[in-house]
Amino acid sequence: MPDSAIRRLLEFDHQVQRDRDQSAAFLHRRDRRFALESREKGLSPGPELWLEHIRRLRTPQPTDDPLRQWRHLTTGFALVGLVTGVMAMLGLLFYDGGQRINLTVILAFVLLQCLLAAITTVQAFAGWQPWRWLLRKFSLTGSSGALRPLQPMLMARAAHAGGLMFGLAGLLTLLVLVVIQDLAFGWSTTLDTGSDSYYRLLATLATPWQNLWPAAVPDRDLVDATRFFRSDDRGNADPALWGRWWPFVAMVWVTYVILPRLLLLALAVVHPGLRARRELASHPGMIALQYRMETPALDTGNRHNDAGDQPDTSTSGQLHSLPAGQVLIRWAGAGEPELPDALSAGYRDILAAGGNASLEDDHRIIRQAGQVIAATPNPAVLVVTRSWEPPTGELADFLGEARKAWPATTLIALVPLAAEPDQPPPEHQVSQWLRFADRSGDSQIVVSTPDLASQEARIHRALQHEHRQ
């Protein structure tokens, strides 16, 4: 149950990913209908109700718990903490009868545990992930993108669970050793400090339980009597006093190792859920869902979507076979830098007009072409154009002037070339030239597309050229 907010976030993110395959109109109608039905029942259409609604609509499928790996990781940390807690306490309380157990070492170790617990919590709130290598090892970094912001908190939860088990195992080990072994505690330090300052330190540490368990609070006489020095093998204190320290050690362990871990673990359990709710509220899919639920869906009853429809480009014009022309004119740089052999074979002079050429140049080309076709019984002129460029008024004027200058029987064939000269032009590009020829109202202006890839076409044109010669 503590992870219900996380599971809701992951399920919502998964459904948003699935909805990408649906049309916007379908999603709008579905969610708008859900919102209206919920309001009719007096319910607020929140994400949880929406997910229940989606579950009823789709086919049930076996789902894998996305938090299963995190539970395994937390269990692993707890087991490691259990083992290391026993080992750590056995090391701290190691006593061979010749040297007392130093309370200073135990206090330093407890301080280290407090620091580790604080660092674990800080990394969770700061989003720092020093455990990333461990996540990669358990294949947890490739999990859902919605879970990625929660990873520091989940990692802190696993670490605190391990720390809590470490503390409990250490306390249990301490109590067992107190029962089965005669532990001799004392305190010592190389630093130049007296019993007064050490006593004040211990009294301050014992403040939380001084009323709860007074026997666990050391007195001044005990502190004075249990200090040992390097030159003192047994000390001057009564040996019975050496064992009076274990209640203090137990309470220090409970208060500064177990309780902080317990409180921080409770926070680590609650924190991911709160963060998951914020992530769900700011999820891009949630904003889109609220818009769909609050905005009426317009349904005209017509399921036809004309967004992909194109204007009517049909024409009655038809392509003609490539005539055996006497003149070939490249219009506005078409066919540059080189015309296909299948098209240019048989022409001694290939003329150029339009584009950057002046009107005077165009008139000169018309006169030059007229001189070539004047004595020809079946005059024909090929005007090569770029298929992707629409016909211009300049070309229409050029053809009009040519029609006046050339014999009335001259056949003018417009030849649109594709961007790849050895490929036929697309049909929609040819259509615009067919419409242009049809609008001219001149039956002698036609559109042709040569078979550029055929060797036979090239041979046929060469034979025609030889015949004309």
Side-chain angles (χ1 to χ4, degrees), residues 317-387 389 391-418 421-422 424-425 430 432-434 436-452 454 456-469:
Q318 299 294 327
L319 286 173
H320 289 67
S321 57
L322 190 68
Q326 295 78 37
V327 177
L328 187 146
I329 300 175
R330 297 192 306 185
W331 178 257
E336 290 181 347
E338 185 177 4
L339 286 169
D341 295 339
L343 184 62
S344 61
Y347 295 97
R348 289 178 301 178
D349 298 325
I350 297 177
L351 309 178
N356 295 327
S358 63
L359 290 177
E360 184 178 352
D361 293 336
D362 290 347
H363 291 160
R364 181 177 55 79
I365 294 299
I366 291 174
R367 292 193 298 272
Q368 184 177 350
Q371 295 172 358
V372 175
I373 63 177
T376 304
N378 297 314
V381 177
L382 271 61
V383 180
V384 180
T385 64
R386 290 169 173 164
S387 63
E389 292 181 348
T392 61
E394 183 184 4
L395 176 61
D397 295 340
F398 177 84
L399 296 178
E401 294 295 330
R403 173 58 66 205
K404 295 177 183 176
W406 296 341
T409 57
T410 303
L411 179 64
I412 301 176
L414 301 174
V415 184
L417 291 181
D422 58 342
V430 175
Q432 63 181 350
W433 291 99
L434 289 172
F436 173 75
D438 187 56
R439 287 196 303 269
S440 68
D442 189 341
S443 60
Q444 292 296 97
I445 298 179
V446 298
V447 179
S448 300
T449 54
D451 185 4
L452 302 175
S454 171
E456 295 179 355
R458 291 200 293 269
I459 295 173
H460 177 68
R461 286 193 49 80
L463 292 176
Q464 286 183 331
H465 176 70
E466 292 178 357
H467 177 71
R468 288 197 298 269
Q469 294 295 327

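- At least one donor-acceptor pair closer than 3.5 Å links the side chain of Arg403 to the backbone N or O of Thr410.
- Across all non-hydrogen atoms, the minimal contact from Pro377 to Pro379 is O-CD, 3.3 Å.
- With Phe436 as the partner, the side-chain contact (heavy atoms from CB on, under 4.5 Å) test is satisfied by one option alone out of Ile445, Leu399, Val447: Leu399.
- Considering every non-hydrogen atom in both Gly354 and Asp362, the closest pair reads N-OD1, 3.1 Å.
- In plain terms, the two heavy atoms of Val430 and Pro425 that are nearest each other are CG2-CG, 3.5 Å.
- Rounded to the nearest 0.5 Å, atoms CZ (Arg364) and CG (Leu359) are 13.0 Å apart.
- Without hydrogens or angle criteria, Ser448 side chain to Val415 main chain gives no donor-acceptor distance under 3.5 Å.
- Between Val381 and Val372, the closest side-chain pair of non-hydrogen atoms is not below 4.5 Å.
- Between Asp442 atom CG and Ile412 atom CD1 the span is 6.5 Å, to the nearest 0.5 Å.
- The backbone N or O of Gly333 lies less than 3.5 Å from a partner atom in the side chain of Arg386, making a donor-acceptor pair.
- Going from atom CG of Leu395 over to atom CH2 of Trp433 covers 5.5 Å, rounded to the nearest 0.5 Å.
- Under a 3.5 Å cut-off, the side chain of Gln432 and the backbone N or O of Ser387 do form a donor-acceptor pair.
- No donor-acceptor distance shorter than 3.5 angstrom exists from the side chain of Gln326 to the backbone of Ala374, with no hydrogens or angles considered.
- Panel note: side chain Gln444, backbone Thr409; a donor-acceptor pair is recorded below 3.5 Å.
- Here the straight-line distance linking atom CD of Gln368 with atom CG of Leu351 works out to 4.5 Å at 0.5 Å rounding.
- Residue Ser443 holds its OG atom at 9.0 Å from CG of Leu411, rounded to the nearest 0.5 Å.
- Annotation: the span from Ile329 atom CD1 to Leu414 atom CG amounts to 10.5 Å, rounded to 0.5 Å.
- Ring geometry, Phe398 versus Trp331: the interplanar angle falls from 30° to 60°, so the pair is classed tilted.
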